Colleague: 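The structure that follows is given in the form of structure tokens.
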Amino acid sequence: MLDIRHIRENTDQVEAALQRRNAGFSVKELIVVDEQYRTVNSQWESLNRRRNEISEMFKTGKVAAEQKAELQAETKKIKESYETLGKEKDELEKKVSEMLLAIPNVPESSVPDGVDENDNAEQHRWGEIPKIADPKPHYELGVELNVFDFERGVKISESRFTVLMANGARLERAIMNYMLDSHAKRGYLEVFPPVMVNRDCMIGTGQLPKFEGDFYKCADDELYLIPTAEVPVTNLYREEVLDEEQLPIMHCAYTPNFRREAGSAGKDTRGYIRQHQFNKVELVKFCTPENSAQEHEKLTRDAELILEGLNLPYRRVLLCAGDLGFCARKCYDLEVWFPSQNKYREISSCSNFGDFQARRANIKYKGKDGGKSRFIHTINGSGLAIGRTLAAILENFQQPDGSVKIPQVLVPYLGGQEVLEPKHTLGKLDARVFAE
RNA sequence: GGAGAGGUGGCUGAGUGGUCGAAAGCGGCUUCCUGCUAAGAAGUUGAACCUGCUUUAAACGGGUUCCGAGGGUUCGAAUCCCUCCCUCUCCGCCA
């Protein structure tokens with residue numbers, strides 16, 4: 001949420017910045033409604049003032065008997081217009097806040113112009129693209145290697161739900177633990193939040209009210225399945241005033257994530273790239289405005305270190321204004337190499353939200369040297385999407401014989417197993433690996 | 001799910017119709033004293049929004065709202081009434 005006062009005082013500037021998103025957002029109507037609201041509100045307040053004056057007279061007992069009836073009549077009269085005005089005021093106030101909640105964040109000045117992902121600016125590449133003759137897609141490899149069972153996923157749920165079998169279940173868990181442990185070493189405090197949250201949380205981090213149909217909602221309870229751990233973790237501190245000494249607060253969290261993927265029909269229908277339920281390790285930071293740019297860079301770097309640890313080739317892109325998410329004012333995407341697609345695919349999105357989420361969720365901090373509390377800045381990023389990491393490992397480390405070499409950092413998490421081989425049955429493997 | 005208790009400022013907690021934006025304590029801040037490492041004294045200290053002054057901001061002045069949320073009674077509600085939400089205790093159920 002943007003600051004209404006800032007919009008009022010810098011209307012043209014905000015308007016121009018929003019135009020860069022190419023999504024038809026405007027604050028012009030908001031300015032008009034806000035003006036109306038303030039007019040009605042001040043009228044309503046002066047009626048209130050008169051009413052308070054009258055009851056003050058009663059309080060001090062300085063009211064003559066005949067004046068009493070007169071004053072009571074006056075408040076009765078005030079009451080009528082008071083109620084009409086009050087209603088009008090409430091409606092306008094509601095309208096202003098609804099409009100405010102529907103306006104996206106303003107792109108930061110370093111964000112390049114552009115319409116869509118084609119205009120994103122590549123920042124750098126890392127790693128060597130493996131030379132694989134006729135690379136197989138992860139979903140073929142994975143079925144051979146007893147990693148995925150797509151049919152049974154659909155049977156027990158519906159499309160875009162996948163069962164991780166044997167090797168897949170263990171590899172997914174190994175990746176998750178590797179990520180969490182790595183982040184913990186860099187100072188992120190692990191949390192494991194609820195995956196069902198109330199509506200206030202969804203508004204707080206900006207999913208609602210704008211994107212109502214994108215999320216799973218429980219019919220009989222006002223609860224939503226989280227689309228990302230960003231929601232519960234950021235809302236951990238909703239309606240709180242933190243001390244500057246505590247900052248930056250850094251959390252990492254594993255959660256499953258649930259997305260309806262409405263509107264993405266036909267995209268990535270095969271494989272493990274786009275699921276209704278997927279696992280992710282998320283990084284979330286809370287910091288002062290002064291440090292937010294720097295903390296954003298550091299967080300993005302922390303996500304990159306996971307890819308480097310796994311030896312997966314990737315690139316970093318800076319999203320253009322048109323491709324920026326609703327809440328973000330600046331965002332880097334990390335894209336990992338997928339040999340079968342011969343291109344980089346998003347595996348992490350690291351965003352700086354400025355005070356946009358903090359205003360919605362009312363998260364503030366008190367400065368060291370006192371003074372008024374200020375809105376905090378929030379930053380988060382995937383560190384990383386686990387399923388896509390697993391898919392990328394299968395594809396990048398596939399061997400000519402159909403086996404997959406496990407990245408060294410994961411081997412300890414797999415009880416010493418170094419290769420996924422099609423011929424193994426898992427029962428035997430487990431017995432071998434864990435027999436001690 | 002059943003029964004009971006309760007939701008007040010950063011925290012603890014008093015407050016059953018006006019003297020309450022709210023006692024007291026803790027914490028925070030300012031000053032002073034002492035001087036030896038931790039205490040003493042005095043003062044000060046809730047939030048949001050609108051508005052005036054000011055070049056802007058801060059500070060300051062004026063105003064409105066806020067004692068879980070919403071509604072009602074009343075000239076006037078933290079206080080009375082209704083609805084909802086949440087927390088705690090006991091019982092039931094249960095990984």
Side-chain angles (χ1 to χ4, degrees), chain A residues 1-13 30-101 192 194-204 218 220-224 235-247 249 286 289-290 355 358-376:
Chain A
M1 183 162 67
L2 300 177
D3 181 5
I4 183 72
R5 268 182 301 188
H6 180 258
I7 298 176
R8 241 181 250 150
E9 286 158 20
N10 309 278
T11 311
D12 294 341
Q13 200 184 317
L30 169 67
I31 290 292
V32 174
V33 179
D34 173 56
E35 184 68 45
Q36 288 170 356
Y37 162 70
R38 278 183 300 150
T39 308
V40 172
N41 186 49
S42 69
Q43 288 169 359
W44 178 81
E45 282 188 358
S46 37
L47 286 180
N48 247 326
R49 181 182 188 169
R50 177 63 187 151
R51 194 191 59 170
N52 289 341
E53 271 170 16
I54 291 171
S55 59
E56 189 68 18
M57 289 188 214
F58 275 88
K59 188 164 85 179
T60 46
K62 281 179 193 153
V63 184
E66 64 273 16
Q67 218 188 338
K68 250 183 202 171
E70 203 179 296
L71 286 174
Q72 280 171 354
E74 188 184 342
T75 45
K76 275 233 161 72
K77 232 170 83 193
I78 286 178
K79 201 165 191 176
E80 284 171 32
S81 41
Y82 172 77
E83 275 169 4
T84 329
L85 265 180
K87 240 180 220 156
E88 204 180 327
K89 173 196 76 109
D90 289 345
E91 274 164 24
L92 285 167
E93 190 174 20
K94 203 176 141 203
K95 208 167 162 192
V96 167
S97 84
E98 275 170 1
M99 291 172 92
L100 263 181
L101 286 174
F192 198 172
V195 298
M196 292 169 76
V197 297
N198 59 37
R199 193 177 166 83
D200 286 344
C201 289
M202 295 290 276
I203 290 173
C218 300
D220 296 332
D221 307 276
E222 191 70 10
L223 291 171
Y224 296 79
N235 279 281
L236 239 32
Y237 303 103
R238 179 157 46 84
E239 310 287 343
E240 291 193 29
V241 180
L242 307 166
D243 287 326
E244 189 174 346
E245 278 82 7
Q246 298 172 257
L247 305 179
I249 293 176
F286 304 80
E290 291 73 23
D355 62 8
R359 281 181 192 282
R360 292 176 158 249
N362 193 23
I363 309 173
K364 297 186 171 179
Y365 75 98
K366 235 182 167 62
K368 280 185 203 126
D369 24 86
K372 271 196 144 185
S373 53
R374 298 195 291 160
F375 286 109
I376 216 160

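Just so it is clear, the structure is predicted and the values come from calculations on it, not from any experiment. Within every chain, numbering begins at 1; the chains are lettered A, B, ... in the order of the sequence lines, protein sequences first and strands thereafter.
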Colleague: A:E240 has an atom CD; how far is it from atom C1' of B:A47, in whole Å?
Modeller: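 Checked: the CD to C1' distance equals 16 Å.
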
Colleague: Can A:E53 and A:R50 be counted as an ion pair, charged N to O under 4.0 angstrom?
Modeller: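 Judged by the 4.0 Å cut-off on N to carboxylate O distance, A:E53 and A:R50 do form a salt bridge.
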
Colleague: Between B:C50, B:G76, B:U64, which nucleotide gets closest to the side-chain atoms of A:R49?
Modeller: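 The nucleotide sitting nearest to the side chain is B:U64.
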
Colleague: Using the C1' atom in both, what is the distance from B:U34 to B:A42, to the nearest Å?
Modeller: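 Per the computed distance, 15 Å lies between those C1' atoms.
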
Colleague: Find the distance between CD1 (A:I249) and CD1 (A:I376) and round it off to the nearest 0.5 Å.
Modeller: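 Rounded to the nearest 0.5 Å, the CD1-CD1 separation comes to 6.0 Å.
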
Colleague: With P as the reference atom in both, quote the distance from B:G2 to B:U83 in angstrom, rounded to an integer.
Modeller: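 These two P atoms come out 15 Å apart once rounded.
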
Colleague: Starting at NZ of A:K366 and ending at C1' of B:C29, how long is that distance when rounded to a whole Å?
Modeller: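 From A:K366 NZ to B:C29 C1': 11 Å.
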
Colleague: Phosphate oxygens OP1/OP2 of B:U64: is one of them under 4.0 Å from a side-chain N or O of A:N52?
Modeller: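 For B:U64, OP1 or OP2 has a side-chain N or O of A:N52 closer than 4.0 Å.
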
Colleague: Watson-Crick or G-U wobble partner for B:U87, using a 3.5 Å limit on both distances?
Modeller: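 The base-pairing partner of B:U87, which may sit in any strand shown, is B:A5.
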
Colleague: Which is true for A:K364 with a 4.0 Å heavy-atom rule: it touches a base, it touches only sugar-phosphate, or it touches nothing?
Modeller: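 The residue A:K364 makes sugar-phosphate contact but no base contact.
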
Colleague: Taking atom P in both B:G40 and B:G61, compute the distance separating them and give it to the nearest angstrom.
Modeller: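 Pairwise P distance, B:G40 against B:G61, rounds to 33 Å.
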
Colleague: Check whether any side-chain N or O of A:R38 sits under 4.0 Å from OP1 or OP2 of B:U51, and answer yes or no.
Modeller: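 The answer is yes; a side-chain N or O of A:R38 sits under 4.0 Å from OP1 or OP2.
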
Colleague: Measure the acute angle between the ring planes of A:Y82 and A:W44, then classify it against the limits of 30° and 60° as parallel, tilted or perpendicular.
Modeller: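 Correct class here is parallel.
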
Colleague: Which nucleotide sits closest to the side chain of A:R5: B:G62, B:C49, B:U65?
Modeller: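 My answer, after comparing the listed nucleotides, is B:C49.
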
Colleague: Which heavy atom in A:E222 sits nearest to a heavy atom in A:R199, and how many Å separate them?
Modeller: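 Closest pair (atom of A:E222, atom of A:R199, distance): OE2-CD, 3.2 Å.
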
Colleague: How many whole angstroms separate atom CD of A:E35 from atom C1' of B:C50?
Modeller: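 My rounded result for the distance is 12 Å.
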
Colleague: In whole angstrom, give the distance that lies between atom CG of A:L223 and atom P of B:C85.
Modeller: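 My rounded result for the distance is 13 Å.
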
Colleague: Considering Watson-Crick and G-U wobble pairs with both distances under 3.5 Å, what does B:A23 pair with?
Modeller: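 Its partner is none (no Watson-Crick or G-U wobble pair with both distances under 3.5 Å).
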
Colleague: Ignoring backbone atoms, test whether A:N48 places a side-chain nitrogen or oxygen under 4.0 Å from the OP1 or OP2 oxygen of B:U65.
Modeller: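 Yes, within the criterion.
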
Colleague: Counting N and O atoms only, with roles assigned by atom type, does the side chain of A:R238 sit under 3.5 Å from a partner on the main chain of A:A361, one being a donor and the other an acceptor?
Modeller: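 Checking the backbone N and O of A:A361 against the side chain of A:R238, no donor-acceptor pair under 3.5 Å is found.
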
Colleague: Can you check the distance between B:A57 and B:G43, where both ends of the measurement are the C1' atom (answer in whole Å)?
Modeller: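 Taking atom C1' in both B:A57 and B:G43, they lie 28 Å apart.
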
Colleague: Quick one: on RNA chain B, does A:R51 or A:D3 contact a more 5' nucleotide (nearest heavy atom)?
Modeller: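 Closer to the 5' end of RNA chain B: A:D3.
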
Colleague: Could you measure between the two P atoms, the one in B:G10 and the one in B:G28, and give it in whole Å?
Modeller: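 Taking atom P in both B:G10 and B:G28, they lie 16 Å apart.
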
Colleague: Does any nucleotide pair with B:U37 by Watson-Crick or G-U wobble geometry, both distances under 3.5 Å, and what is it?
Modeller: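 Per the H-bond distance test, none.
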
Colleague: Measuring only the C1' atom in each nucleotide, how far is B:U16 from B:A95? A whole number of Å is fine.
Modeller: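 Each nucleotide's C1' atom is 46 Å from the other's.
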
Colleague: Nearest to the side chain of A:W44, heavy atoms from C-beta on, is which of B:C75, B:C50, B:U65?
Modeller: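 Of the options given, the side chain of A:W44 lies nearest B:U65.
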
Colleague: With both distances under 3.5 Å as the test, what is the Watson-Crick or G-U wobble partner of B:C75?
Modeller: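 Here B:C75 is engaged in a pair, and the nucleotide opposite it is B:G18.
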
Colleague: With nearest nucleotide decided by heavy atoms, which residue, A:N41 or A:E9, maps closer to the 5′ end of RNA chain B?
Modeller: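 Upstream on the strand: A:N41.
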
Colleague: Is the shortest side-chain N to carboxylate O distance from A:R38 to A:D34 below 4.0 Å?
Modeller: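 Salt bridge flag = yes for A:D34 with A:R38.
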
Colleague: Give none if B:A95 has no partner; otherwise give the nucleotide forming a Watson-Crick or G-U wobble pair with it, both distances under 3.5 Å.
Modeller: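 Paired with B:A95, as far as the under-3.5 Å criterion goes, is no nucleotide at all.
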
Colleague: Please give, in whole Å, the distance from B:C20 P to A:E56 CD?
Modeller: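 It works out to 11 Å between those atoms.
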
Colleague: Any Lys/Arg nitrogen of A:R374 or A:E290 sitting under 4.0 Å from an Asp/Glu carboxylate oxygen of the other?
Modeller: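 A salt bridge is present here (some side-chain N lies under 4.0 Å from a carboxylate O).
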
Colleague: Distance check needed: B:U56 P versus A:H6 NE2, whole Å only.
Modeller: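 About 17 Å, once rounded to whole Å.
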
Colleague: Using both distances under 3.5 Å as the test, list the Watson-Crick or G-U wobble partner of B:C29, or none.
Modeller: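 Check on B:C29: paired to B:G43, both distances under 3.5 Å.
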
Colleague: May I have the distance from A:K89 (atom NZ) to B:C49 (atom P), rounded to whole angstrom?
Modeller: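 Rounded to whole Å, this separation is 14 Å.
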
Colleague: Please work out if A:R8 contacts a base, only the sugar-phosphate, or nothing of the nucleic acid, heavy-atom cut-off 4.0 Å.
Modeller: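 Sugar-phosphate: the residue A:R8, judged by heavy atoms under 4.0 Å, touches backbone atoms but no base.
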
Colleague: If we take the C1' atom in both B:G13 and B:G72, what is their distance in whole Å?
Modeller: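 After rounding to an integer number of Å, I get 30 Å for this pair.
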
Colleague: Pick the C1' atom in B:G7 and in B:A78, then give their distance to the nearest Å.
Modeller: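 Each nucleotide's C1' atom is 12 Å from the other's.
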
Colleague: Return the value, rounded to whole Å, for the distance between atom CD1 of A:I4 and atom P of B:U51.
Modeller: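 After rounding, the gap between these two atoms is 11 Å.
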
